Engineer: 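This is the structure I have questions about; it appears just below.
What you see is a predicted model, and the numbers here were worked out from it, not measured in a lab.
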Amino acid sequence: MPIITFFMMIPIGAGMSLKSIALGGVGGVVLAIISALSAFLFYFLFQLTLPKNKRNAMGAAIGTTAANATSVPASLAEVDPAWQSAASTATAQLAVAAIVTAFTAPIITSMCDKHMRKKKLGIYSDAAIAEREAKGKQGA
């Protein structure tokens with residue numbers, strides 16, 4: 001898995017530019033915040049459906065706007081020329097959202113994981129650790 005992630009990040013990162021933040025402006029930052037908060041909300045609700053000893057912080061990493069989302073406005077403008085005037089602004093805003101969430105998602109995930117470790121929640125709970133140790137002894 002790590003090698004696949006590495007090769008996926010090259011094309012995604014190559015298309016990002018900090019200049020996009022200036023072009024996308026505040027609208028892009030607001031879009032990034034909405035994206036991260038809504039994903040985090042759904043992640044939190046999903047975690048409630050899991051058994052307590054199976055909960056983890058990795059789901060917080062989904063709070064990103066995919067970099068390939070920047071191609072959607074141009075594609076839409078090709079289908080319906082009425083959207084042509086808004087396509088460049090929307091593309092810049094999506095680029096900002098992708099850049100901002102690419103930086104914030106790992107930070108948020110790390111904070112959630114540290115909180116879970118400190119409070120011994122989810123996969124860090126005593127019950128979850130005991131369950132993993134029992135499985136490890138059965139496999140040995």
Engineer: Using a side-chain heavy atom cutoff under 4.5 Å and only I, L, V, M, F, W and Y, what cluster partners does L48 have?
Structural biologist: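 When side chains under 4.5 Å apart are linked, the cluster holding L48 also contains L41, F44, L45.
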
Engineer: Each residue besides L50 in its hydrophobic cluster should be listed here, by chain and number; the cluster joins Ile, Leu, Val, Met, Phe, Trp and Tyr at side-chain heavy-atom distances under 4.5 Å.
Structural biologist: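 Besides L50, the hydrophobic cluster comprises F46, listed by chain and residue number.
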
Engineer: Group every Ile, Leu, Val, Met, Phe, Trp and Tyr by side-chain heavy-atom contacts under 4.5 Å, then state whether I34 and V26 land in the same group.
Structural biologist: yes

Engineer: Report all side-chain donor-acceptor pairs from residues 72-92 shorter than 3.5 Å, counting only partners two or more places apart or in another chain.
Structural biologist:
{"from": "S75", "atom 1": "OG", "to": "S71", "atom 2": "O", "distance (Å)": "2.9"}
{"from": "D80", "atom 1": "OD1", "to": "A82", "atom 2": "N", "distance (Å)": "3.2"}
{"from": "T91", "atom 1": "OG1", "to": "A87", "atom 2": "O", "distance (Å)": "2.8"}

Engineer: Apply salt bridge (Lys or Arg N to Asp or Glu O under 4.0 Å) to R117 and list each qualifying residue two or more places apart in sequence or on a separate chain.
Structural biologist: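 Checked R117 against salt bridge (Lys or Arg N to Asp or Glu O under 4.0 Å); matches are D113.
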
Engineer: Under the salt bridge (charged side-chain N to carboxylate O under 4.0 Å, His left out) definition, can you give me all pairs with a residue in residues 93-103, not counting sequence neighbours?
Structural biologist: none

Engineer: Is a side-chain donor or acceptor of S110 paired with a backbone partner of P106 at a separation under 3.5 angstrom?
Structural biologist: no

Engineer: Below 4.0 angstrom, N of the basic side chain to O of the carboxylate: do K135 and E131 qualify?
Structural biologist: yes

Engineer: Among pairs that include at least one residue of residues 25-50, which meet side-chain hydrogen bond (donor to acceptor under 3.5 Å, both in side chains), considering only residues two or more places apart or in two chains?
Structural biologist: S35-T65

Engineer: Please round to the nearest 0.5 Å and tell me the distance separating atom CD1 of I107 and atom CE of M111.
Structural biologist: 8.5 Å

Engineer: For L94, which fellow cluster members are found when Ile, Leu, Val, Met, Phe, Trp and Tyr are connected by side-chain heavy-atom distances below 4.5 angstrom, either directly or through intermediates?
Structural biologist: L31

Engineer: Restricting to pairs with a member in residues 23-43, which pass salt bridge (charged side-chain N to carboxylate O under 4.0 Å, His left out), not counting sequence neighbours?
Structural biologist: none

Engineer: Going by the salt bridge (charged side-chain N to carboxylate O under 4.0 Å, His left out) test, which pairs reach into residues 57-66, not counting sequence neighbours?
Structural biologist: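 Found none.
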
Engineer: Report the residues that fulfil side-chain hydrogen bond (donor to acceptor under 3.5 Å, both in side chains) with N56, sequence neighbours left out, ordered by chain and then residue number.
Structural biologist: none

Engineer: Find the distance between OG (S125) and NZ (K54) and round it off to the nearest 0.5 Å.
Structural biologist: 9.5 Å

Engineer: Using salt bridge (Lys or Arg N to Asp or Glu O under 4.0 Å) as the criterion, list what pairs up with K52, not counting sequence neighbours.
Structural biologist: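 Per chain and number, K52 pairs via salt bridge (Lys or Arg N to Asp or Glu O under 4.0 Å) with no residue.
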
Engineer: Taking transitive links into account, so neighbours of neighbours count too, which hydrophobic residues share a cluster with I123 at under 4.5 Å side-chain distance?
Structural biologist: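 Answer for I123: M116, L121, Y124.
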
